[in-house]
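Taking it in order: structure first as structure tokens, then the write-up.
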Amino acid sequence: MWPTIRWTGPEEIAFVTFRSASNEALMIARSIDQILFEHGFTQIRLLDFGSGTGEVEMRIETGRESSVSVEPSGNDWLVSRRQAGRTHNLDELVKLFTQPIEIDVFLFCRVLGYISEPVEVFNLLKNLSSDRSIWIAVVSAPSGDQYHICKKAFEQGLTDRLSERTSAMRALLEDQGINYGTKLVRTAYSVDSESKARIALAFFLGVDVDSLEVDQLQSSIWRGHHPTELTSHHTVFYWTMNDPGHARKRSENDSTRS
């Protein structure tokens, strides 16, 4: 079963501030550019599903013929800031199927964990794909500070989520008979104040951190000291729907470092 998490109020409030102090969007975009280069793309028609504020899409340097940003939450402020495209919700996206549009790159950046039936989304979007289309999904990896903090907080009953999607994503793709490649991306968030530390925790855990006692934070998360940065690790999966023949063992050794 695909494990689904909720997009919470505290997580949403912390999102913009967290991203502004992190190199996450830049490092993920750099990895995506590398994948596109390896697959011979110089100009792309991009669909960014779960685009949020569009920060990853804006940092992709590969040339763009067109961009479509989809924010399934329907929140008006979660729109792409790029001038090249516009934002669609899921109902509007269906209308694209009647248009002569063919997408080169389908991007799911840290969004599949919030979707209950990702395979249904893939099948829906497949109508816009070609044999050359590449699918890219960025999910959390079982390493880095974010993973260890969430694991410890889960054990202490401070959050109901575990920050690790890589194993579930592997199972999902393999269940569909899809060959895939992977890259590991390491990103960092600067921590120079107590408030920034709490913002990071609210984003990681999806909880109101201000409601937690200081001793809970110290014993369960900080372990008595405050780091100057917190790391998040991500697995970037990429595949095509026509048996890409990706060498998994080679791909899984690739990484993009902060």
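For the single chain, residues carry numbers from 1 onward in sequence order.
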Q) Mind checking what makes side-chain hydrogen bond (donor to acceptor under 3.5 Å, both in side chains) contact with T62, not counting sequence neighbours? A) D33
Q. For A14 and A202, which heavy atoms make the closest approach, and how far apart are they?
A. CB-CB, 4.0 Å
Q. So I32 and V56, side-chain contact (heavy atoms from CB on, under 4.5 Å) or not? Walk me through it.
A. CA-CA 9 Å; I32 292 169; V56 171; 4.0 Å; yes
Q: Please tell me if the side chains of F237 and K183 come closer than 4.5 Å, counting only heavy atoms from C-beta onward.
A: no
Q. Does the ring of Y189 carry R19 above it, NZ/CZ under 6.0 angstrom from centre and within 45° of its axis?
A. no
Q.
Using the rule given for side-chain contact (heavy atoms from CB on, under 4.5 Å), can you reason through Y238 versus I134, listing the C-alpha separation, both sets of side-chain angles and the distance that settles it, and then say yes or no?
A. CA-CA 7 Å; Y238 56 98; I134 188 166; 4.3 Å; yes
Q) Do R161 and F204 come close enough that some side-chain heavy atom pair is under 4.5 Å? A) no
Q: Check the side chains of T17 and S20 for a donor-acceptor pair under 3.5 angstrom, ignoring hydrogens and angles.
A: no
**Q.** Contacts of F106 that satisfy ring pair (Phe, Tyr, Trp, His ring centres under 6.0 Å) - sequence neighbours left out
**A.** W135
Q | Heavy-atom pair of closest approach, residues S232 and Q146 | A | OG-OE1, 2.8 Å
Q) Are any of the side-chain heavy atoms of L172 and W2 separated by less than 4.5 Å? A) yes
Q.
How close do R132 and G40 get, counting heavy atoms only, and between which atoms?
A. NH2-O, 3.5 Å
Q) Rounded to the nearest 0.5 Å, what separation is found between the CD atom of E65 and the CD atom of E102? A) 10.5 Å
Q: Calculate, to the nearest 0.5 Å, the distance between atoms CG and OG belonging to L47 and S129 respectively.
A: 11.0 Å
Q) Tell me, do C150 and H148 make a side-chain contact under 4.5 Å, heavy atoms counted? A) no
(Q) My understanding is that only residues two or more places apart in sequence, or in another chain, count here; which of them pass side-chain hydrogen bond (donor to acceptor under 3.5 Å, both in side chains) with S195? (A) S193
**Q.** Stepwise side-chain contact (heavy atoms from CB on, under 4.5 Å) test for D160 and R6
**A.** CA-CA 10 Å; D160 60 359; R6 294 176 299 107; 3.7 Å; yes
(Q) Can you confirm whether more than 12 heavy atoms, excluding those of Q176, are under 6.0 Å from its CD atom? (A) yes
Q: Would you give the length of the straight line joining atom OH of Y180 to atom CH2 of W239, rounded to the nearest 0.5 angstrom?
A: 11.0 Å
Q | Partners passing side-chain hydrogen bond (donor to acceptor under 3.5 Å, both in side chains) against T235 (at least two apart in sequence or in another chain) | A | T166
Name each donor-acceptor pair under 3.5 Å that joins a side chain in residues 112-122 to protein atoms two or more places apart or in another chain, with its distance.
{"residue": "Y114", "atom": "OH", "partner": "E11", "partner atom": "OE2", "Å": "2.3"}

Q. Taking C-beta and beyond as the side chain, do T240 and D131 meet within less than 4.5 Å on heavy atoms?
A. no
Q: Carefully, step by step, assess L125 and F49 under the rule side-chain contact (heavy atoms from CB on, under 4.5 Å).
A: CA-CA 10 Å; L125 297 178; F49 189 97; 4.2 Å; yes
Q. Quick one: OG1 on T8 to CZ on F203, what's the gap to the nearest 0.5 Å?
A. 9.5 Å
(Q) So, applying side-chain hydrogen bond (donor to acceptor under 3.5 Å, both in side chains) with D104, which one of Q43, R45, H39 is it? (A) R45
Q | ring pair (Phe, Tyr, Trp, His ring centres under 6.0 Å) partners of Y147, counting only residues at least two apart | A | none
Q: Answer whether the closest heavy-atom distance between the side chains of I103 and L46 falls below 4.5 Å.
A: no
Q: Return the minimal non-hydrogen interatomic distance between N127 and L124, and the atom names on each side.
A: ND2-O, 3.2 Å
Q: Calculate, to the nearest 0.5 Å, the distance between atoms CD and CD belonging to E61 and Q34 respectively.
A: 12.5 Å
Q) What is the distance from atom CG of L230 to atom CG of D145, rounded to the nearest 0.5 Å? A) 5.0 Å
Q. Does H233 reach the side chain of L184, with side-chain heavy atoms less than 4.5 Å apart?
A. yes
Q) Closest approach of I60 and A29, non-hydrogen atoms and distance? A) N-CB, 3.8 Å
(Q) So that I can tick it off, tell me whether R64 and E57 are bridged by a salt bridge, with the cut-off set at under 4.0 angstrom between side-chain N and carboxylate O. (A) yes
Q: Group every Ile, Leu, Val, Met, Phe, Trp and Tyr by side-chain heavy-atom contacts under 4.5 Å, then state whether V16 and V209 land in the same group.
A: yes
Q) Quick one: does S31's side chain have a donor or acceptor within less than 3.5 Å of a partner on I28's backbone? A) no
Q. Can any side-chain N or O of S140 pair as donor or acceptor with the backbone N or O of R165 at less than 3.5 Å?
A. yes
Q: Compare all side-chain heavy atoms of T187 with those of H234 and state whether any distance is below 4.5 angstrom.
A: yes
